[in-house]
A.B. asks: 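What follows is a single structure, and I will ask about it in a moment.
Chain letters run A, B, ... following the sequence lines, proteins first and then strands; every chain starts at 1. Atom set for the values below is all heavy atoms of this structure, side chains included, hydrogens, waters and symmetry mates excluded.
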Protein chains: 2
Amino acid sequence: MDTIGFEQHDHKNCVKGALSAVEAHCAAHKLQFTAVRRRVLEILLSEHRAMGAYEILDVLRDEGLGSQPPVAYRALDFLVSHRFAHKVERLNAFIACTHPGETHTPAFLICRSCDAVAEAHAEPSKGMLGRVASETGFFIEQAVVEAIGLCPQCRKGALPCP
Amino acid sequence: MDTIGFEQHDHKNCVKGALSAVEAHCAAHKLQFTAVRRRVLEILLSEHRAMGAYEILDVLRDEGLGSQPPVAYRALDFLVSHRFAHKVERLNAFIACTHPGETHTPAFLICRSCDAVAEAHAEPSKGMLGRVASETGFFIEQAVVEAIGLCPQCRKGALPCP
DNA sequence: GGTTAATATGTTATAGAATTACAATTATCA
DNA sequence: TGATAATTGTAATTCTATAACATATTAACC
Ligand SMILES: [Zn+2]
Ligand SMILES: [Zn+2]
Ligand SMILES: [Zn+2]
Ligand SMILES: [Zn+2]
């Protein structure tokens, strides 16, 4: 549950709310929410999909906010490290978090047909992974949980393997 | 359970068994287990760790089995698509499967300190991910499940953050 | 306010991972 | 054997990510 990404929603408010939450969190924790960082988050939020670093960089370049890869990667590092955005390993791409500020472990549902990505919550310490880890003596610090398949819409559309 | 990778084991037999299993599976399914494909699997099995495609290519090159990236990637594609090996997304690296032939969904425990990787079994359709998927109407075809943390040995060694 | 230290950005170059495209070879099967 | 499909050789390119160092901005302290 707590999934977002496949359903319609009030996008304008969604963006606004996420930005406010991040602003508040940065203010509270004395983090510098600079122009580039803000803009990168805005780009991710507005598209509401997973975007590659270079795709983001293209936008920044058009706007005169930076033209070299490190500009994008640094901003993304900041956003990811504070969990305002996440990296989708399977896609080598980044996506804005739908629960900024809250501590959480995201799980992603990735549609292979339309590339939509939904973020859900996972609790890796519980469930299979947690059991395996405790049996083995492995200490979990982070977890990558990503499902690849078909979203509800594409499932109906019945597109076969791409 | 059914984890392998952090414990000591009879490695020679482990390699031999895996190769036999793959040979048998290829024979049964009329797959061409060619020299390069076999050698790449052998390399992965012998090292018993996650290796990058270019690292594998270096070995192939030394042995005169190929020198260009596609040689390694094609062999890896074959091995991965038939589940004789897996890709560890988090590491952009590949690892030999510990249960070749069987249909299964691997989950990995990745030690950030010593880079050891253990393969465990996951059943994504069950558990959290499956519940989220069925609630959302998402159809899961594959799953990436990777935990990053500290293996039992490194946990004892008490190495702090790298 | 002015000084210092920490943080963030600009820029160049390079490293690392993966694919496209086309030619040449080898295996499969009728 | 000959036709067909699968695999391999090779060159070039694209995409992803980081290292290194100079400059500028911000925060913190006196
Ligand atoms: Zn999130
Ligand atoms: Zn879709
Ligand atoms: Zn496996
Ligand atoms: Zn370890």
Side-chain angles (χ1 to χ4, degrees), chain A residues 22-23 26-41 43-44 49-82 84-95 115 144 146 162, chain B residues 22-23 26-41 43-44 49-82 84-95 115 144 146 162:
Chain A
V22 170
E23 267 169 18
C26 286
H29 294 76
K30 309 220 181 198
L31 302 173
Q32 297 181 232
F33 195 39
T34 64
V36 185
R37 291 169 178 179
R38 163 184 273 273
R39 188 66 193 113
V40 169
L41 180 58
I43 293 165
L44 287 175
R49 62 182 177 88
M51 298 179 73
Y54 280 74
E55 201 178 349
I56 292 166
L57 182 57
D58 286 341
V59 180
L60 294 179
R61 187 180 291 118
D62 285 349
E63 299 175 352
L65 273 169
S67 59
Q68 302 303 323
V71 174
Y73 279 103
R74 283 169 185 154
L76 288 167
D77 282 350
F78 171 85
L79 295 173
V80 169
S81 67
H82 293 97
F84 303 143
H86 303 293
K87 180 170 185 189
V88 184
E89 295 290 344
R90 180 57 190 249
L91 304 176
N92 290 326
F94 301 84
I95 192 165
D115 290 321
V144 175
E146 300 174 0
Chain B
V22 170
E23 267 170 18
C26 286
H29 294 75
K30 308 220 182 199
L31 302 173
Q32 299 187 39
F33 195 39
T34 64
V36 185
R37 291 169 177 179
R38 163 183 271 274
R39 189 66 193 113
V40 170
L41 180 58
I43 293 165
L44 287 175
R49 62 184 176 88
M51 298 179 73
Y54 280 74
E55 200 177 352
I56 292 166
L57 182 58
D58 285 342
V59 180
L60 294 179
R61 187 180 292 119
D62 286 348
E63 298 175 353
L65 275 170
S67 59
Q68 302 301 323
V71 175
Y73 280 103
R74 283 167 184 155
L76 287 166
D77 282 349
F78 172 85
L79 296 174
V80 168
S81 68
H82 293 97
F84 303 143
H86 303 294
K87 180 171 186 189
V88 183
E89 295 289 344
R90 180 57 189 251
L91 303 177
N92 291 326
F94 301 84
I95 192 165
D115 291 321
V144 175
E146 300 174 0

A.B. asks: Got a sec? Which of residues 64-78 of chain B come in under 4.0 Å of DNA chain D, heavy atoms?
C.D. replies: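 Hits under 4.0 Å, by residue number: B:Leu65, B:Gln68, B:Pro70, B:Val71, B:Arg74.
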A.B. asks: Distance from A:Leu79 atom CG to A:Phe33 atom CZ, nearest 0.5 Å?
C.D. replies: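 Spacing of CG (A:Leu79) from CZ (A:Phe33) equals 7.0 Å.
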A.B. asks: Below 4.0 Å from chain A heavy atoms, what is the first contacting nucleotide of DNA chain D and what is the last?
C.D. replies: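 Endpoints of the contacted stretch of DNA chain D: D:dT16 to D:dT26.
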A.B. asks: Between the two ends of the helix from C:dG1-D:dC30 to C:dA30-D:dT1, what is the bend in degrees, rounded to 10 degrees, where each end axis spans five pairs?
C.D. replies: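 Axis-to-axis angle, ends of the helix: 40°.
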A.B. asks: Is the closest basic N to carboxylate O distance between A:Arg61 and A:Asp58 below 4.0 Å?
C.D. replies: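 Here A:Arg61 pairs with A:Asp58 in a salt bridge, since their nearest N and O are under 4.0 Å apart.
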A.B. asks: I need the B:Leu44 CG to B:Leu76 CG distance, nearest 0.5 Å.
C.D. replies: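 The CG atom of B:Leu44 sits 6.5 Å away from the CG atom of B:Leu76.
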A.B. asks: Distance criterion of 3.5 Å, no angle test: do you see the side chain of B:Tyr54 paired donor-to-acceptor with the base of C:dA15?
C.D. replies: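 Checked by distance alone, the answer is no.
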A.B. asks: Let me know the distance between CE of B:Met51 and C1' of C:dA17, rounded to the nearest Å.
C.D. replies: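 Between C1' of C:dA17 and CE of B:Met51: 15 Å.
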A.B. asks: Report yes or no: does A:Glu146 contribute a side-chain atom to a donor-acceptor pair with the main-chain N or O of B:Val144 at less than 3.5 Å?
C.D. replies: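 Side chain of A:Glu146 to backbone of B:Val144: no pair is present.
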A.B. asks: Quick one: pull up CD1 in B:Ile56 and CZ in B:Phe94 and give me the separation to the nearest 0.5 Å.
C.D. replies: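 It is 7.0 Å, given to the nearest 0.5 Å.
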A.B. asks: Can you figure out which of C:dT9, C:dA18, C:dT28 approaches the side chain of A:Thr34 most closely?
C.D. replies: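 Of C:dT9, C:dA18, C:dT28, C:dT9 is nearest to the side chain of A:Thr34.
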A.B. asks: Is a donor on one side and an acceptor on the other found under 3.5 Å between the side chain of A:Arg37 and the backbone of A:Phe78?
C.D. replies: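 Not confirmed, A:Arg37 side chain does not pair with A:Phe78 backbone.
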A.B. asks: Hey, what do you get for CG (B:Leu60) to CZ (B:Arg39), rounding to the nearest 0.5 Å?
C.D. replies: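 Here the interatomic distance stands at 8.0 Å.
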A.B. asks: Over how many whole Å does the gap from A:Leu31 atom CG to C:dA6 atom P extend?
C.D. replies: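 Between P of C:dA6 and CG of A:Leu31: 18 Å.
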A.B. asks: Reading DNA chain C from 5' onward, which residue's closest nucleotide shows up sooner: B:Asn92 or B:Lys30?
C.D. replies: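 On the 5' side of the pair lies B:Asn92.
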A.B. asks: Looking at CG of B:Leu31 and NE2 of B:His82, how far apart are the two atoms once the value is rounded to the nearest 0.5 Å?
C.D. replies: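 Separation between the atoms: 4.0 Å.
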A.B. asks: With side-chain contact (heavy atoms from CB on, under 4.5 Å) as the criterion, how do B:Glu55 and B:Val59 come out once you've worked through the C-alpha distance, each side chain's angles and the decisive distance to 0.1 Å?
C.D. replies: CA-CA 7 Å; B:Glu55 200 177 352; B:Val59 180; over 6 Å; no
A.B. asks: Give the rounded distance in Å between these two atoms: CG of B:Leu91 and P of C:dG16.
C.D. replies: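 The distance from CG of B:Leu91 to P of C:dG16 comes to 15 Å, rounded to the nearest Å.
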A.B. asks: Nearest-Å distance, NE2 (A:His29) to C1' (C:dT7)?
C.D. replies: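 Atom NE2 in A:His29 sits about 18 Å away from atom C1' in C:dT7.
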A.B. asks: If I take atom CE from residue B:Met51 and atom CG from residue B:Leu57, how far apart are they, to the nearest 0.5 angstrom?
C.D. replies: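 So the gap between those two atoms works out to 10.5 Å.
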A.B. asks: Could you tell me whether B:Lys87 and A:Glu89 have a side-chain N and a carboxylate O separated by less than 4.0 Å?
C.D. replies: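 No, this pair does not count.
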A.B. asks: Tell me the interatomic distance from A:Leu57, atom CG, to C:dT9, atom P, rounded to whole angstroms.
C.D. replies: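 Checked: the CG to P distance equals 14 Å.
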